[in-house]
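Worksheet: the structure to be examined is printed underneath.
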Amino acid sequence: MSGNMLRLLRNICPRSRVVKTRAFSSSVIEISDEVQNALHHGKPVVALESTIVTHGMPHPNNLETALSVEKIIRDNGVVPATIGILKGKVRVGLTNTEMEYLADPATSVIKTSRRDFPGVLSLKLNGGTTVSGTMVVANLVGIKIFVTGGIGGVHYGVQETMDVSADLTELGRTPVTVISSGVKSILDIRKTLEYLETEGVAVATYGTSQEFPAFFTPHSGFKVPYNVTNPTQAAHFIEAHRAMNLHSGILIGVPIPESEGASAGETIQQAIESALLQAKEQNISGKDVTPFILDRVNAITGGASLQANICLIKNNAMVGSQIAYKLSKLIKSKKSQSHAATVTKHSHKEKADVVVIGGSIVDFYARVNSDNFQSNGATYPGGVAQSFGGVGRNLADGLSHLGVNAFFISAIGKDSHRAGFKAYCHHMNLGGVLEMEGHRTATYCAVLQKGGQLLFGIGDMDIHSQITPEYIQTFQSVIEGAKMLCIDGNMTPDAMRSALQIAQSKNVPVFFEPTDMYKANKPFQVNVGKFVTITTPNLNELRSMYKFLTGNLDSEHHGSFDDLPLNSLLMECILMCKVVTLHIPTVLVTLGKHGLALCQRHLAGTPNRGIPIKDGSYLTVDLYPVPKSKEPAKIISVSGAGDCLASAVISGFTRGRDLDLGIKQGLVAAQLSLTSHHAVPPSFSQRQIELTEDLIREMNCTRITDPSIQ
């Protein structure tokens with residue numbers, strides 16, 4: 001391709017260097033739970049396009065192939081994420097039902113490249129994402145590997161038509177690795193490779209040869225600079241590209257297996273030449289060319305081209321998933337090496353009454369000062385404050401203020417927040433806080449209503465995954481010598497399992513703070529006996545626990561606790577705690593303005609203490625009211641109330657006090673926290689939560705025995 005032609009193509013298809021980002025609107029993109037979970041925990045994921053279903057093959061071969069490809073990927077220990085658009089919503093991780101819908105010839109579907117998203121989404125149409133379109137979405141959600149059949153390229157006669165596939169410019173600006181059988185042989189492969197070079201795309205072949213594949217045949221006659229011979233080499237190739245922070249993509253050409261489909265290559269090539277001539281005679285151009293050619297070639301070859309197409313996409317899925325798996329292992333290995341370089345063995349002489357393991361977070365609170373506001377892009381008057389939080393940090397902070405020797409295990413980044421964090425937490429024992437180069441300290445932004453109630457929060461919590469089992473094990477002696485271990489829901493399941501196993505070996509009681517409804521069921525996932533001693537969920541977190549354990553949720557209520565009748569809340573508590581207390585014997589359910597319900601399981605054989613449970617044990621439910629005499633005149637924030645309550649309960653436990661007294665002090669502590677935008681008020685102290693006789697009487701609990709509630 002001449003220099004003048006390349007410059008002309010650059011003017012027609014200008015390259016845009018964009019920085020990789022995961023920022024996207026959840027109103028536009030929906031990620032399946034399986035894919036979201038895999039991405040969150042760093043598991044390997046492979047993106048798949050949906051045009052193979054909507055435009056690439058006839059029905060029912062399209063659906064059968066798509067499902068087979070997903071199975072191949074799963075069989076290699078990788079999560080498939082087929083990307084498509086249904087009624088204006090981008091879906092990452094299509095279900096079988098959704099793929100059946102898109103595969104149905106009766107379904108109207110738009111072939112969707114980068115340029116088509118505004119139209120398809122705004123008009124709420126269905127879309128099959130092309131290579132370009134799939135790369136855009138994969139990059140937005142953080143998927144590094146994308147498997148397809150073949151990519152588009154430079155068409156013959158480009159001098160007159162300027163017909164260059166958007167796949168090529170996408171590869172030049174989107175950092176996703178595309179695994180394909182090269183470019184389709186209906187295209188000008190020489191010009192395509194030259195164009196990719198101009199775009200700065202790293203191109204390699206997979207196997208021993210550097211000859212670039214031509215879709216239906218392994219042989220194009222054109223060589224590329226590099227080849228990778230196995231998944232491990234490919235993973236290192238991709239990781240080196242990532243380490244350079246290059247904002248372009250990678251193309252790995254995987255030749256069709258000689259034994260399974262390439263033997264028909266000559267026949268297929270003759271059919272392609274015939275189909276190209278027909279397309280020209282019928283004035284077919286643009287994105288309609290490829291579907292037309294493939295359909296005609298399939299007809300001319302009596303289905304041989306379709307079988308070859310199916311063969312190569314399945315082979316690409318095998319290779320791509322193996323590369324994704326190795327890349328995931330490589331990335332985790334590098335993180336572990338970085339982590340290990342930072343971790344030092346800690347003194348076995350360290351002693352603590354309580355060990356707290358959990359999140360350290362920089363909190364931002366944005367309060368709307370208006371009662372009337374909408375999510376419409378407008379700016380509303382309000383206030384923004386910064387503090388330091390994280391459930392684990394809050395517990396350690398509260399315990400330190402109450403005079404408890406609490407040892408805190410967490411992780412922060414060596415970033416702009418580190419100095420502020422250490423200054424703010426100077427009164428705490430931070431001997432277990434890992435400081436990590438190249439990582440961001442966790443941040444959280446809470447959007448509050450005028451009255452301080454939480455509307456929603458946005459969090460960047462990736463660094464919590466660095467609190468690894470190996471790191472926790474360096475503090476084994478500290479945990480074994482403690483009176484209690486406290487863990488929060490920010491821990492990974494593997495880290496939680498490690499901590500629980502250490503505690504279990506020495507019968508150290510375990511306190512679990514659920515953090516939020518999506519993390520509340522983690523202790524039940526780790527399969528380390530029934531070793532959590534006590535937990536403090538709110539009603540939504542309790543619902544999450546119950547649903548995980550039973551698969552059902554019988555609650556009719558899903559709103560604010562304050563808006564629900566107390567009797568309804570207690571009925572729910574009893575229903576759910578009959579199940580949850582079989583796993584965690586003491587559950588303190590916070591009920592907002594209604595107070596707290598202490599739900600305890602008592603072993604079988606105890607005299608009739610309460611409500612029967614199916615295993616022969618009994619459940620007691622005691623309702624503790626909020627102390628009206630301590631209600632603040634103005635509520636600043638409710639975000640730290642539960643953590644201050646928990647700190648007081650744990651403090652009482654370490655001092656050998658009765659749980660009844662600890663709960664009452666905890667309710668007073670929770671009221672104090674409402675007056676500060678700090679999760680734990682700086683003035684918080686043991687003196688502030690000491691109880692008078694009047695307060696003790698005011699907060700005396702009521703045993704729930706009403707048969708209508710049972």
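Nothing here was measured: the structure is a model prediction, and the numbers come from that model.
The aromatic ring centres of Phe407 and Phe475 sit less than 6.0 Å apart. Annotation: Phe548 is not in aromatic contact with His583 [ring centroid separation under 6.0 Å not met].
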Task: Full working for salt bridge (charged side-chain N to carboxylate O under 4.0 Å, His left out) between Glu690 and Arg687 - done: CA-CA 5 Å; Glu690 291 298 339; Arg687 181 183 60 81; over 6 Å; no

request  = Let me see the working for Tyr471 and Gln466 under side chain to side chain contact (heavy atoms under 4.5 Å, CB included), right down to the final yes or no.
outcome  = CA-CA 8 Å; Tyr471 186 63; Gln466 301 304 312; over 6 Å; no

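Side-chain atoms of Phe684 and His678, non-hydrogen and from C-beta on, never get closer than 4.5 Å to each other. Proximity of Arg440 to Asp462: side-chain heavy atoms (C-beta onward) are separated by under 4.5 Å at one or more points. Residues Met545 and Pro514 are in side-chain contact: their nearest non-hydrogen atoms beyond the backbone lie under 4.5 Å apart. Using a 4.5 Å heavy-atom threshold, the side chains of Gln671 and Pro632 count as touching. Taking 4.5 Å as the limit, every side-chain heavy atom of Val362 sits out of range of all side-chain heavy atoms of Ile412. The shortest side-chain heavy-atom distance between Thr492 and Ile467 does not fall under the 4.5 Å cut-off. In this structure, the side chains of Leu591 and Val626 stay at 4.5 Å or more apart for every pair of heavy atoms. Side-chain contact check for Leu695 versus Lys630: some heavy-atom pair is nearer than 4.5 Å.
The residues Asp415 and Arg418 are annotated as not salt-bridged, no charged nitrogen and carboxylate oxygen being separated by less than 4.0 angstrom. Under the 4.0 Å criterion applied to side-chain N and carboxylate O atoms, Lys422 and Glu435 are assigned as salt-bridge partners.
One N or O on the side chain of Thr533 and one on the backbone of Val510 form a donor-acceptor pair closer than 3.5 Å. Judged by distance alone, the side chain of Lys351 and the main-chain N or O of Gly481 form no donor-acceptor pair under 3.5 Å. A distance-only check finds a donor-acceptor pair linking the side chain of Glu698 to the backbone of Lys628 [under 3.5 Å]. Judged by distance alone, with hydrogens and angles left aside, the side-chain atoms of Glu572 form no donor-acceptor pair with the main-chain N or O of Leu539 at under 3.5 Å. Although no hydrogens or angles enter the test, the distance criterion places no donor-acceptor pair under 3.5 Å between the side chain of Ser387 and the main chain of Asp363.
Here the shortest heavy-atom pairing between Gly489 and Thr515 reads N-OG1, 2.8 Å. Taking each heavy atom of Val589 and Cys599 in turn, the nearest pair found is CG2-SG, 4.3 Å. Pairing each heavy atom of Ser410 with each of Phe408, the nearest pair is CB-CZ, 3.4 Å.
Under 3.5 Å, the side chains of Asn540 and Asn538 contain no donor-acceptor pair of N or O atoms. Counted by atom type alone, Ser617 and Asp615 present one or more donor-acceptor pairs between their side chains at under 3.5 Å.
Counting non-hydrogen atoms of neighbouring residues, nucleotides and ligands closer than 6.0 angstrom, the CG atom of Asp658 exceeds 12 such neighbours. At most 12 non-hydrogen atoms from other residues, nucleotides or ligands lie less than 6.0 angstrom from OH of Tyr518.
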